[in-house]
Amino acid sequence: MCARRSEHCQNLLTGYTIFVPKINNKKIFLDYAASASPNPGSIHELGIIAKKKLEGARKEVSGVLGSRAEEIIFTSGGTEGNNLAIQGIIYLTPSPLSLIRRGVGERSLPHIVTTNIEHPSVLETCKLLQIRKLAQISIVPVEANGIVDPRKIKKEIKKNTVLVSIMYANNEIGTIQPLREIAKEIRHYRKQNKTNYPYLHTDAVQAVNYLDLNVERLGVDMLTLSGSKIKGAGKVGVLYKRKSVPLVNIFGGGDQEGGLRPGTENLAEILKFSGALTLVQKNKEKETKRLTKLRDYFLRVLDTRLSGVQHLMNGDLENRLPNNVNITFPKIPSDLLVIELSARGIMASSKSACKSSSSEGSYVIKALRPDADPEIGGLRFSLGTDTKKQDINYTIESLSKILTKLKKWYY
Ligand SMILES: *Cc1c(COP(=O)(O)O)cnc(C)c1O
């Protein structure tokens, strides 16, 4: 919408009235070119209703994050949100002028700090920017427990660092990163160097169901969410962007979502998303307690049942999502275990679904166990809303039968 049109919409929304002689209550939809169903960009009555619903959803999401409504950008999902956060900062800041002003010099590229276990939508995006000579990147390796040391992040921050992107919780091993401490280091750096940079972005896609999402408490400037990891949410996502972050759009198009995410909003899915997010927020504490108990039971029983088979737990056992169990059996390929479990009706995973078509093993497990055979990987069980104790018991029974069978082959 152009500025004039949105001003007009605003008038309609705030009570400016036009006299319309109504013939009957029938509505005739002659705006199929705008969108085959009412769309929030239209200024007719149905468009305004759609717009109100969209703004309601935005408010609902901002309530959960503790942000302002206008800091919420609806996207198509987590991948797009992460791309917008990273590329949107880079496309603005390589401007030599801004770098010279910051005393960096004309030829320095903007610099990003991230870790080696980020989701591909962060890690590959950073690598692409580096290959295309649009950015420099520093990839900080996590410790053997799958957690990054905040001091190592701080050490990588330079004059031209514009962004630090650290995931909240990992999708394969469930480890939770010390975001608050990283935020503290960054604030300290900014203060000492009298600069607004770097900004802190977090991919919170896996954290949404169990962890605190309040952006003020976390101290983050941008945060990505995805409906694909929230039960009942639509396939849309959210990027929270603090008002002061100088982000630019990465797609050319209309001025939806504050100009940062052009294209007709997916209203039906956005409404499902905000509803599901509210529900998840309401049940968070209870569900976290329930799953922590269930997961610990799973681990305890597994440990006794698997005493004859060498197995290693992946990722820190304290600072991890309550629903995640990830085990490496040093001699048995995880892929084979997934197939064996599947034949017994149990759906587990051997690496992130996003990379499962590549022939390499998991880069996350490799980051934790550089000396292990990359083919072996890790077996991931992720519990959720519908997981019951009897499911866990059946899984333990099945897994120990499978391992008894496979032991003969692999040991
Ligand atoms: C699934 C996932 C994404 C990608 O989200 P999509 O909505 O599938 O694009 C990003 N980050 C993490 C940590 C994820 O688990």
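As a basis for the values below, the full set of heavy atoms in this structure was taken, side chains included, without hydrogen atoms, waters or symmetry mates. Residues: numbered from 1 along the sequence shown. Just so you know, ligand 1 is whichever comes first in the structure, and atom 1 is the first atom listed for that ligand.
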Problem - Close approach, G237 and ligand 1, non-hydrogen under 4.0 angstrom - result: no
Electrostatic pair [X]:[Y] at N-O distance under 4.0 angstrom:
X: K51; Y: E265; answer: no
X: R344; Y: E340; answer: yes
X: E156; Y: K152; answer: no
X: E185; Y: R151; answer: no

Handout entry: S121 N/O under 3.5 Å from ligand 1 N/O
Key =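 No; the residue has no nitrogen or oxygen that sits under 3.5 Å from a nitrogen or oxygen of the ligand.
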Problem - Within-cut-off N or O pair, D203 and ligand 1, under 3.5 Å - result: yes
Fill in the blank from the handout: Restricting to heavy atoms, the pick from K229, E172, K235 nearest atom 14 (C) of ligand 1 would be K229
Handout entry: E80, E118, H119, M167: member with heavy atom nearest to atom 3 (C) of ligand 1
Key =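 The residue whose heavy atom sits nearest atom 3 (C) of ligand 1 is H119.
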Under 4.0 Å from a heavy atom of [X]: give me the atoms of ligand 1 that qualify, with their elements.
X: S226; value: 5 (O), 6 (P), 7 (O)
X: T79; value: 4 (C), 5 (O), 6 (P), 9 (O)
X: G77; value: 7 (O)
X: S228; value: 6 (P), 7 (O), 8 (O)

Problem - Passing candidate, side chain to side chain donor-acceptor pair (under 3.5 Å) with T224, options T202, T79, N82, T75 - result: N82
Practice task
Answer yes or no: is there a donor N or O on one side and an acceptor on the other, between the side chain of T125 and the main chain of S121, under 3.5 Å?
Solution key: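 Confirmed, T125 side chain pairs with S121 backbone.
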Exercise for the section: Please report the shortest heavy-atom distance between R305 and I396, naming the atom on each side. Expected result: CG-CG2, 3.9 Å
